[in-house]
Every structure is written in C-alpha cells, then in structure tokens.
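Data block below; observations after.
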Amino acid sequence: MARRAVQTLALVVLLVNVSTAQQVEVRVADDFELHTSRKSYVLAVNGQELEVLPASPPAAGAVTWETAAAQATACSPSGPQNIAVLLVNFPGTRLPAHITPSFVENAFFNSSHSIDTYWREASYNRMTAAGQVFGPFTLSADFTCNDVGAIRDAAIAAAGLVTDLWNFSRIFIIMPPAGRCPIGVATLGCGPISSAKGTFTASTSWLRADYLTDADHLISVGAHEGGHNLGLDHASTLDHGAQPLAAPGVAGTFREYWDVYSAMGLNFGVGRTMLIGHYAAPHKTALGWLDNGADYRTVTSSGVFTLAPYESAAPGLKALKIQRPGSNKWLWVEYRQPAGQWDTALGLYGSNLYSGALIHYEDPDDAAHTGQSVLLDFTPLADPNDFSDAALVSGRAWNDPDSGLAISIGGATSSELQVSVTFPPSACDLNGDGVVDGADVQLAINRVLGLIDCGKGDLDGNGRCDAGDLQRVVTAAAGGSCRTGQ
C-alpha cells in the first residue's frame, strides 16, 4: 500500500467519519542494533495506508499498566495462542539458508526451548504458543522490509492458497533483509486483517531474517515483538544519578529498552548467551498473569512480606506494588532467582540480581512513558548508571527522603525474600494507632460536627475542619492516599 502522512488527528477523525476506513493500527519498530524504536499510527483508507500523527499524547494518567493491555488488544493473553508463521522471499532477495521451516518451527514450538516454553514459564502456564509454519512463499514484488503493510497483504494472499488463516490470532512474518530497516516490527495488540475470505482479527509481527542467526536470537526477538502483540510496551530504565529516585516531578534520565532483565528490553547478549528474562511485574499484571492478592499485593500500609522467587509457578506472592506516600505513584518489587529456564542467564549481567529486590517505578503522570516498565537502580553512583547492580540487596534499606517511605530487605534464600515496608505516620491517622480506618472517619465526623476540637484534623489547611477534610480521611481509609494541603 502507498503511504502518506496526515498532520493532525483531527483530519484523521474526519476521514474515519466519512469513509469505510479500518481502525488505526499501532506499530512499534525496533532496531536493537541502533538501540532505537519508533511508534507509528497507520490508517487504511481505500487501499492506501495513511500514517497519522496524533496532535498530542494521551492525557496523563489516562492509561495504567493494569488497563493498557486490555485497551490495546482484542486477543486474550491467556490460553493457547494460535500462531501462523509465514516465511517469505522477495524475487530478488531470499531468506538466509538456515531459515528453514524446521528451524523456525523448533524455535517457536519446541517442547523444551522455544517461544512456547518462554511464554509457559513467564505466564505461570496461563498462556502457550501453538501453531504452524507456512512457506517459504516468493512474493510478487521486491519490497523493501519497511513496506510491512504491503508485505503482510502479499504474504496473507500467498498463504491463503494453502491454509485458512482465520484459524490464527497471531501472524509472524519472517522476511529477507532488503534495505536498512528495523530488526522487528509489531502491531500493538490485534486488529482487523483483510484476506481473500474476508476480514479476521489478529496481531502481526515482522522479523528480519538475517538477525535471527540462531534459535535464541529468534526466541528473543519473537518474545519481544510478541509482547507488543499482547499489548506491552518496552522495558526501560530511569536514572537519577547518585540516588535511586528523586522527588516527584524530577524527570531523571529515561533510557528506553535498557532494562535487559526483561524480554521487552533490548535484545541483549553476554558473550554467546542471549538474555531472555521474564517480563517485569507491571507487565505481567497488565496481561493478567499476576492476580492482585494471590500473586501480588497492593501495599498502602506498613508490614512485612515474604516474596517467592519470581519464576516459580507455585502459589505465593511474586511481587509487591507499594504506594509512594502522598502520591499516585508506585514501586513494584520482585525477587529474581536463577530458577526455571529463562532467568538463569541474567546473572551474567546482573552482578547482584539474585541477592535482593528488583524494583520498578510506576508514575501515571508520566504520559510520555505510559505502559513501559521502568527499572530503578538501588546501587547508584552517578548518571549514567549501568543497572548491572540495580537490586536492593539483602541487609540494605532505602529511605525515601521525599515521602518518608522505607523499604528494607531482610533474609534472602533460594526460596524466599523478606521485605519490610514502613510508611510514615499518616496525617489521616487521627487517633495515631498506625492505620487509617473507620475509627479515624468517626473522629473526622465529630470534628466536622464540632463535637471535639479540630486539632490536627485540618488536612487542607483552610483553618477549619469541614467536609473536605472528612473526604480525605474517607479516601485514605478506603486505601487511597492521604492528601494534605491545598
């Protein structure tokens, strides 16, 4: 399809209203060699592809990790994923000799080491990969590998002669290198795809064959682009120099891709070993692979918690989601161990990874990076830190100078990690018993009614105890943050 740019989202909305255009398809192009990524928004109109340029990013806080995947994809990230892998040649450029149907089938579906076994382990057996490899098909034109929409149309037309793609919800296309182009491109979630039989719903990934030099390279790129297909964005890092985390509103240095402990980070190897780590806890939660209460705990008050190894499919807490007091921001804590098949190699890079807690940050107000998992460095020296020693290790604690939160790491064994969380006294804890509950709500009511002195109940600082202060106590008692000041 031909492509041209439309400058404003308003114009695109007008086109959608007056035509039979399909929905906007979001594509992520990944170049692991140049460490760059590009997201594009493509609209199909009357046989043409229009790349639309949104006039502004989504409103801050409009999408959270828990809802991003559900909004991005119509395909469920649970159960068997029916995958069709299409191998394609161009008339003048062919696939490398080692990219054979048997090689690709082994990397996708082998029962001992494949994309299937990665997703089984990472999802705690909630999701699997099953499917077939078709081709290679020689397409009718010498496309460049940037012509992904046209390549998909031609590949589906060719495959439709031998199989019914309506049976598949995930399409992977492996294509020859033809020009300078990304290593992988993926749709963010699923959408309508046209075929000779009609329109069906599926996600699409395009993989550049020359980069897939062995099975682990294919598994790594497939798990990354397949993660986009599931609705995930990248695994990145946030560097605040000599401190793990600065005050809210201080930007720090954001590096897309550089959380290499997750397959959604940079396609990364140490020597000849590829690092293909589990998706981070915020991403697994978005996919429904971690359940609140059973698999991860939302922490808004002080307590001591025991984390099981993140890789274990056995019952037990795999992560904590800890509120940064006085804000809508969260710290996600997980405990990686050299367990299972995939995280065992991460120690080649992470010098202290298995000795404590790996911690990610969630800031719903950071609209530019919504949907990305963001790793912090808890052994910081200066900007740039290398994040090879990012864990907060056993025997150490972090005290947040801006919120008063304290996270202390206790004993670490191969089977568990002790994490102690201490919140500062809450202004909404009117009776000083360490929790904000119904007793504090009753005290706030008594203050509003004038039955007792206002005392410390003036949370908004307007000189009196009123309904605004009562509402803040009610919010805190219900598990929200305790806001003070105007």
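A donor atom on one side chain and an acceptor atom on the other are found under 3.5 Å apart for Thr253 and Asp383. Remark: the Thr306 side chain and the Glu416 side chain contain no N/O donor-acceptor pair separated by less than 3.5 Å. Under 3.5 Å, the side chains of Arg27 and Ser40 contain no donor-acceptor pair of N or O atoms. Asn229 and Ser205 form a side-chain donor-acceptor contact under 3.5 Å, judged by distance and modelled atom types alone. Checked by atom type, the side-chain pair Asp214/His217 shows a donor-acceptor distance below 3.5 Å. For the residue pair Asp259/Ser236, the side-chain donor-acceptor check at 3.5 Å is not satisfied. No hydrogens or angles considered: nothing links the side chains of Asp377 and His240 as a donor-acceptor pair under 3.5 Å. A donor-acceptor pair shorter than 3.5 Å can be found between the side chains of Asn110 and Ser112. Between the side chains of Ser403 and Asp400, a donor-acceptor pair is found at a separation under 3.5 Å.
One N or O on the side chain of Asn385 and one on the backbone of Ala382 form a donor-acceptor pair closer than 3.5 Å. Counting only distance, with no hydrogens or angles, the side chain of Asp31 and the backbone of Pro182 share no donor-acceptor pair below 3.5 Å. Remark: side-chain polar atoms of Gln323 are paired, donor with acceptor, to backbone N or O of Ser327 under 3.5 angstrom. Here the side chain of Thr344 pairs a donor or acceptor atom with the backbone of Gln341 at under 3.5 angstrom. Here the side chain of Asp343 pairs a donor or acceptor atom with the backbone of His278 at under 3.5 angstrom. Listed for the Asp440 side chain is no donor-acceptor partner under 3.5 Å among the backbone atoms of Ala444. Under the 3.5 Å distance criterion, the side-chain polar atoms of Trp330 are matched with a main-chain donor or acceptor of Asn328. Side chain of Thr285 to backbone of Ala281: a donor-acceptor contact under 3.5 angstrom is found. Proximity of a side-chain donor or acceptor of Asp469 to a complementary backbone N or O of Asp466 within less than 3.5 Å is detected. Judged by distance alone, the side chain of Gln81 and the main-chain N or O of Thr128 form no donor-acceptor pair under 3.5 Å.
Checked for salt-bridge contact, Asp291 and Arg126 meet the test: a charged N lies under 4.0 Å from a carboxylate O. Between Glu51 and Arg38 a salt bridge is recorded (basic side-chain N to carboxylate O distance below 4.0 Å). Of the charged side-chain nitrogens involved, none lies within less than 4.0 Å of a carboxylate oxygen, so that Glu334 and Lys284 do not count as a salt-bridged pair. Between Arg255 and Asp239 a salt bridge is recorded (basic side-chain N to carboxylate O distance below 4.0 Å). Classification of Asp365 and Lys329 as a salt-bridged pair holds, one side-chain N sitting under 4.0 Å from a carboxylate O. With salt bridges taken as basic N to acidic carboxylate O contacts below 4.0 Å, none links Lys39 and Asp30.
The two atoms that bring Asp233 and Gly371 nearest to each other are CB-O, 3.4 Å, heavy atoms only. Ala129 and Trp119 make their closest contact through CB-CE3, 3.9 Å (heavy atoms, listed as atom of the first residue, atom of the second, distance). Across all non-hydrogen atoms, the minimal contact from Val448 to Leu470 is CG2-CB, 4.2 Å. The minimum heavy-atom distance between Ser373 and His360, with the atom names listed, is CB-CD2, 4.2 Å. Considering all non-hydrogen atoms of both residues, Cys75 and Ala202 come closest at SG-CA, 4.5 Å. When all heavy atoms of Ala263 and Ala223 are compared, the closest pair comes out as CB-CB, 4.2 Å.
You'll find the side chain of Val435 stays beyond 4.5 Å of the side chain of Asp429, heavy atoms only. Tyr124 is listed as a side-chain neighbour of Lys318, based on a closest heavy-atom distance under 4.5 Å. For the pair Val436 and Cys428, the minimum side-chain heavy-atom distance is below 4.5 Å. Counting heavy atoms from C-beta outward, Pro309 and Arg336 have side chains that stay 4.5 Å or more apart. Annotation: side chain of Leu353 is not in contact with side chain of Gln337 (no heavy-atom distance under 4.5 Å). At least one side-chain heavy atom of Leu375 sits less than 4.5 Å from a side-chain heavy atom of Leu358. Side-chain contact check for Pro338 versus Tyr354: some heavy-atom pair is nearer than 4.5 Å.
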Legend entry - side chain to side chain donor-acceptor pair (under 3.5 Å) between Glu121 and Thr117, worked out: CA-CA 6 Å; Glu121 182 178 300; Thr117 58; over 6 Å; no
Inset, instruction - For Phe200 and Phe168, run ring-ring contact (aromatic ring centres under 6.0 Å, His included): C-alpha distance rounded to whole Å, both residues' side-chain angles, the deciding distance at 0.1 Å, then the answer. - result: CA-CA 9 Å; Phe200 65 101; Phe168 300 94; 8.9 Å; no
Inset, instruction - Start with the C-alpha gap between Arg152 and Glu25, add the side-chain angles, then the distance that decides, and say whether salt bridge (Lys or Arg N to Asp or Glu O under 4.0 Å) holds. - result: CA-CA 13 Å; Arg152 177 174 59 193; Glu25 180 175 85; 3.0 Å; yes
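Between Trp289 and His283, the distance from one ring center to the other does not fall under 6.0 angstrom. The distance between the ring centers of Tyr118 and Tyr279 falls below 6.0 angstrom. Aromatic rings from Tyr349 and Tyr261 are positioned such that their centres are separated by under 6.0 Å. Between Tyr257 and Phe268, the ring center distance fails the sub-6.0 Å criterion. Phe378 has its ring centre less than 6.0 Å from the ring centre of Trp398. Two rings, from His234 and His228, have their centers less than 6.0 Å apart.
To the nearest 0.5 Å, atoms CE (Met127) and OG (Ser78) are separated by 8.5 Å. The distance from atom CZ of Arg297 to atom CZ of Phe305, rounded to the nearest 0.5 Å, is 6.5 Å. Of the inter-residue distances, the one linking Ile322 atom CD1 with Phe423 atom CZ reads 6.5 Å to the nearest 0.5 angstrom. Considering CG of Leu376 and CD of Gln243, their distance stands at 11.0 Å, rounded to 0.5 Å. Atom CG of Leu238 and atom CD of Gln372 lie 11.0 Å apart (nearest 0.5 Å). Once rounded to the nearest 0.5 Å, the distance linking CG of Leu212 with CG of Leu218 reads 5.0 Å.
Using bins of under 30°, 30° to 60° and over 60° for the plane-to-plane angle, the ring pair Trp332/Tyr296 lands in the tilted bin. Taking the six-membered ring where the residue is Trp, Phe32 and His224 present perpendicular rings, their angle passing 60° and hence far from 30°.
Counting heavy-atom neighbours within 6.0 Å of Asp453 CG, excluding the residue itself, gives a total of 12 or less.
Val221 pairs in a side chain to side chain contact (heavy atoms under 4.5 Å, CB included) with only one of the listed residues (Leu207, Ile115, Ile174), which is Leu207.
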